[in-house]
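Taking it in order: structure first as structure tokens, then the write-up.
Lettering follows sequence order; numbering is per chain, from 1. Remember, it's a predicted structure, so these values are computed and weren't measured experimentally.
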Amino acid sequence: MNISKKLKINKIEKKIYLMWEKNKCFKANYKKKKRFSIIMPPPNITGSLHIGHAFQQTIMDVIIRFKKMSGYNTLWITGTDHAGISTQIIVEKNIKTKKIENISKKNIIKNIWKWNKKYTYKINKQIKLLGNSIDWDKKNFSLDEKFSYAVKKIFISLYKKKLIYKKKKIVNWDKKLKTVISDLEINKKKIQKKNYYIKYYLLNKNKKIKYLLIPTTNPETILGNTAIAVNPYDKRYKNLINEYVINPINQNHIKIISDSYVNPLKGTGCIKITPAHNVNDYKLAKKHKLNIINILNKDGSLKKKFILYNYLGKKIKNNNINLKPPYNLLNIDIEKVKKKIVFILLKKKLIKKIKNKNKKILYSNKSNSLIIFLLTNQWYLKIKNLAKKSINVVKKNKIDFIPKKYKKIYLKWMYNIKDWCISRQIYWGHKIPIWYDKKNKKIYTGFNKKEIYKKYKLNKNIILKRDKNVLDTWFSSSIWTFTSLGWPKKTIEFNTFHPINLVVSGFDIIFFWISRMIMITLYSIKKKNISQIPFYKIFITGLIRDENGKKMSKSIGNVINPIDIINGISLKNLIKKRTKNLIKTNNIKEIYKNTKRYFPNGIKAYGIDTLRFTLASIATHNIKINFNINSLSNNYNFCNKLWNACRYIILIFKKNKNINKNCKNKKYSLINLWITIKINILIKKFKKNINKFRLDLLCKSLFKFIKHEFCDWYLEFIKICIKNKNIINLNLIFSILLKTTISILKIVHPITPFITEYLWGKIKKFKKNKKKHTLLIKQKFPIYKKFQKKYHKKIYVINIIKKIIYFFRKLNLKYSKKYNKKYTITLIIFNISLKKKYILLKNYFLFKNKNINKIFVLCKKNNKNKHIFLNFKKTLLIKNIYLYYKLI
RNA sequence: AGGUGAUUAGCUCAAUAGGUAGAGCAUCUCUUUUACAAGGAGAAGGCAAAUGGUUCAAAUCCAUUAUCACCUACCA
């Protein structure tokens, strides 16, 4: 019988989930002393969950269920992140497609809140569908009141300690979104670009050299040149240092400076300096006190009039410098300016040659537009001191990285960390709690206007205007652990569960999230005057990739949605899903081809437990995890096997109503002892592997035990026992069978909670004390019991029996029905100890075979009659024990 | 350029402590009187990327090389 036939997927699973919720199974239980908490990295509200989310959540759920069953007071908290820029883009796009024009900011924000409601519901539904044991009364949103209060509180505190400052610096600018973005939000692409070699004529015409040849891939920035740099030791240009060249476009005079930064071996050995639009040039400008010319508007177009700054970033006036763009280039996007400038230069014959060059270009991860560099005023967080403490905490192993290799990556990043730019020029997010009094040039910070007027005793005539910027999303994420537990209120949750025991996350957000959480928590949270870490352990999972090891992405069209694995999907619909809403439409054919190749029949409905088991079993400590659809059917078979085994056990229990399944005789028969020891070994392995976060090994040991020990051998032995009712005490056998089955259900429950909970409902009926045993999730995890060596020796006989059965299976193959050969055989088992001989003979019924004519079991000491081995063939059974056989 | 990993059966991956290399899928043979054919039983398949070193003993530790992946930085 098949699980999916019996367990109507979704319906029963939903019922079971509701039952858990009703019985408050996901709530913290403060009566218990030991505590364990997990916090989920908050999914963005930008879309639905993908397989990577399902993967991480499964790991978290397995661990928290195990801890709960092991008697811990557990709490798993979830929530969603407002994901500033990303969400704003998606909602704006959505509005544009609906062709609602001239929408105000207020309306967009209203729309984002609507979107938020819709997607939070969607995401939470998905999380529930996966069976995650989350306390839903404690869900959070990174933009809710609790968070906005905490964000302000921490901002104010940091500002007062002068750790937050505002400064004009060169930043990565997204011209489409018109906001600063961080280095981490930039993608890099290698492309072939044209490298133009441009003539800059010298002002002093008496020199030997008439012009300097300057290679550039960005001729548009010529307008912002304020210097030419050469290496001080470059013989070619040594005499020209401090001379001037003429800007080929606007005829400004540009000084030649020297700096060892210039590599004389590269290019022509001289470079142009555009401080406002190149990070390195900006550094040089500061060093050499060069002027800075900003030529770009915030949308990436050319300014009507350029702005001149001194090296400190202060606006200055200078009539000698031409600050107007030539030839009506104003208000054109920089990409077009480039083409026109090249055209002008060609016309003036100022380009000596053009070469192709491989160059990395930077584009925004958020809007996909090319990054420009702009000098802007932004808010920064001074980070060096915060980083120092965060490095120490990890170095001293107060925070554990699992696997360890990520510790190195984290530390390396932290050593080279720069001040964190925390302001963004968007409107979806936490507004910066800064107010300006422009008349008196004063800045105030506080929770709101009223508070500021009161606190600083300001006159009502003073007009306060709030800073328009919004905080980087990761600012509110960095306070996630403690704020979602209720901080700054001293809640029971915060007092009990902080620091969080475990965070499970992908390595891609170590820098975004993990490092910042550590820094901000160490700064903000103190218990008994000691800085608190946000969490004790961080388990970094690999990234799930497709069957070929490629990253899953919409544009490649290899994404697998967890819901499609649970409910199944036809090939047609899968292709439809994968090709829908694509930005680039040129690879639709390939997506079609590949999808058809790897999923010729679509995806079958595998159900939640199969998905969970599969995800857990691929949770190796590799950085790259290939998701193979084959492993799903394999694990489906496993769940099916478990299902059928339990069904069989229920069947024989019902058939043998008279037999006592709850007798407590401690005398073990061989099979009982053997399976009990085996299950104890399994428990030991389970605990070991879960503590090491090796869910892959854990699943493997479960799979092996249930399929190859429990089903293949133990249940087969049970069948033989039932046939031999008259010789064997079935009361004992059935009692252990019931006990073993229950143990198995408990052990597998954290991984496949639904099927086990369902089967538990059927099996528990055979147990005494029914009242105690309500739900499997509330049961205690089986305790490992150590058995003495003598018992281990005793069960060694099972191995001998197995080998004898193997022997007969092979023999049967040889003389099978097909060949229609009948045979009888005489066996001698030789070199067996007296004790084992006794046990073996006592359990003869286990391997009794109609083909056996006679059987002798001989100890070493009794081998007087050596002649009986004549004409016998010999095989090794196990270690020194031999089997002699003769066909009759 | 620097860093972090990886290289094991046809494929996808394991081996927790250095001790005769294990699964699943695929392949081949047998098997429908039943808990399960999405089963069961059996077989075949590997000198572990290469070279050298340490050790009684190396897939595992060390060094070098090759290939691949990812990360960081720079590129006039």
Side-chain angles (χ1 to χ4, degrees), chain A residues 1-4 183-184 188 190 193 195-198 213-218 228-231 261-274 278-281 357-360 403 405-409 412-413 416 507-508 510-511 542-543 545 547-551 604 606 610 617-618 620-652 685 688-689 691-694 696-701 703-704 707-708 711-712 715-716 718-719 805-806 808-814 816-819:
Chain A
M1 175 117 21
N2 201 294
I3 331 174
S4 51
D183 291 347
L184 297 166
K188 286 154 194 174
K190 253 194 176 171
K193 266 184 127 179
N195 199 13
Y196 302 95
Y197 284 70
I198 299 164
L213 203 58
I214 293 174
T216 178
T217 49
N218 303 317
I228 298 292
V230 296
N231 190 293
Y261 160 75
V262 182
N263 184 347
L265 301 173
K266 276 190 178 175
T268 59
C270 33
I271 57 174
K272 61 184 178 58
I273 307 295
T274 322
N278 181 304
V279 180
N280 288 316
D281 292 1
K357 192 179 166 137
N358 281 328
K359 205 184 168 183
K360 256 186 200 169
K405 60 187 169 193
Y406 293 106
K407 188 177 160 183
K408 281 185 199 167
I409 295 175
K412 213 190 162 193
W413 160 263
N416 300 321
F507 68 82
D508 48 336
I510 291 180
F511 311 133
L543 272 194
R545 290 150 182 276
E547 52 281 332
N548 295 318
K550 276 187 185 166
K551 253 188 190 175
K604 208 172 64 183
Y606 287 104
T610 302
S617 65
I618 58 174
T620 61
H621 284 187
N622 265 337
I623 206 163
K624 191 180 103 175
I625 294 166
N626 292 2
F627 189 80
N628 205 325
I629 204 85
N630 276 342
S631 59
L632 273 173
S633 68
N634 191 15
N635 294 324
Y636 182 84
N637 294 347
F638 168 77
C639 294
N640 206 30
K641 192 89 185 166
L642 182 65
W643 169 264
N644 277 310
C646 288
R647 207 172 65 97
Y648 171 67
I649 291 160
I650 292 162
L651 195 86
I652 56 171
K685 270 188 189 168
K688 204 174 173 184
N689 284 326
N691 286 331
K692 288 186 172 177
F693 300 93
R694 288 303 303 263
D696 57 324
L697 298 181
L698 186 148
C699 286
K700 223 169 217 185
S701 64
F703 189 94
K704 215 173 167 184
K707 222 174 163 182
H708 297 127
C711 291
D712 292 354
L715 288 184
E716 292 307 314
I718 294 287
K719 282 179 193 169
I805 294 170
Y806 271 129
F808 272 106
R809 279 176 187 165
K810 280 189 192 176
L811 223 58
N812 270 331
L813 259 180
K814 213 170 171 185
S816 63
K817 277 181 192 170
K818 202 176 179 183
Y819 306 105

Any [X] side-chain N or O less than 4.0 Å from OP1/OP2 of [N]:
X        : N     : value
A/His708 : B/G39 : no
A/Tyr261 : B/C75 : yes
A/Asn280 : B/C75 : yes

Under 4.0 Å, counting only non-hydrogen atoms across every strand here, what does [X] touch: a base, just sugar-phosphate, or nothing?
X        : answer
A/His621 : nothing
A/Lys810 : sugar-phosphate
A/Tyr806 : sugar-phosphate
A/Asn637 : base
A/Asn416 : nothing
A/Thr216 : sugar-phosphate
A/Lys188 : sugar-phosphate
A/Lys604 : base
A/Lys408 : sugar-phosphate
A/Lys360 : base
A/Asn689 : base
A/Thr268 : nothing

Using atom [atom1] in both nucleotides, what's the gap between [N] and [M] to the nearest angstrom?
N     : M     : atom1 : answer
B/G42 : B/C47 : P     : 26 Å
B/G18 : B/C61 : C1'   : 8 Å
B/G53 : B/A48 : P     : 16 Å
B/A50 : B/U67 : C1'   : 11 Å
B/G24 : B/G40 : P     : 10 Å

If each of A/Ile649 and A/Ile409 is mapped to the nucleotide of RNA chain B with the nearest heavy atom, which maps nearer the 5' terminus, i.e. the 5' end?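 Upstream on the strand: A/Ile409.
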Which sits closer to the 5' end of RNA chain B, A/Cys646 or A/Ile214, going by the nucleotide each is nearest to?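 Looking at the nearest nucleotide for each, A/Cys646 comes out on the 5' side.
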Can you find a heavy atom in the side chain of A/Ile409 that is under 4.5 Å from one in the side chain of A/Phe507?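 In short, these two side chains do not touch, never coming nearer than 4.5 Å.
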Would you please name every residue forming a salt bridge (charged side-chain N to carboxylate O under 4.0 Å, His left out) with A/Lys719, sequence neighbours left out?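 Residues passing salt bridge (charged side-chain N to carboxylate O under 4.0 Å, His left out) with A/Lys719: A/Glu716.
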By salt bridge (charged side-chain N to carboxylate O under 4.0 Å, His left out) - contacts of A/Arg694 (at least two apart):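 Residues passing salt bridge (charged side-chain N to carboxylate O under 4.0 Å, His left out) with A/Arg694: A/Asp696.
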Under the rule for side chain to side chain donor-acceptor pair (under 3.5 Å), what residues qualify as partners of A/Asn635, not counting sequence neighbours?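 If we apply the side chain to side chain donor-acceptor pair (under 3.5 Å) test to A/Asn635, skipping adjacent residues, the hits are A/Thr614.
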Of the nucleotides [options], which one has an atom closest to the side chain of [X]?
X        : options             : result
A/Asn626 : B/G42, B/C13, B/C36 : B/C13
A/Lys405 : B/A41, B/A35, B/U4  : B/U4
A/Glu716 : B/A35, B/A15, B/C25 : B/A35
A/Phe703 : B/G24, B/G5, B/C75  : B/G24
A/Lys624 : B/A69, B/G24, B/G40 : B/A69

Spell out, as yes or no, whether a donor-acceptor pair under 3.5 Å connects the side chain of A/Asn231 to the backbone of A/Asn263.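 No.
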For A/Thr268, all residues meeting side-chain contact (heavy atoms from CB on, under 4.5 Å), sequence neighbours excluded: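 Counting only residues at least two positions away or on another chain, A/Thr268 forms a side-chain contact (heavy atoms from CB on, under 4.5 Å) with A/Tyr197, A/Leu213, A/Pro215, A/Tyr237, A/Cys270.
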Pairing residues for A/Lys810 by the side-chain contact (heavy atoms from CB on, under 4.5 Å) criterion, not counting sequence neighbours: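 If we apply the side-chain contact (heavy atoms from CB on, under 4.5 Å) test to A/Lys810, skipping adjacent residues, there are no hits.
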Any chance you could encode RNA chain B as dot-bracket? Rule is Watson-Crick or G-U wobble with both distances under 3.5 Å; [ ] for pairs crossing earlier ones, | for another strand. (((((((..((((.....[..)))).(((((.......))))).....(((((..]....))))))))))))....
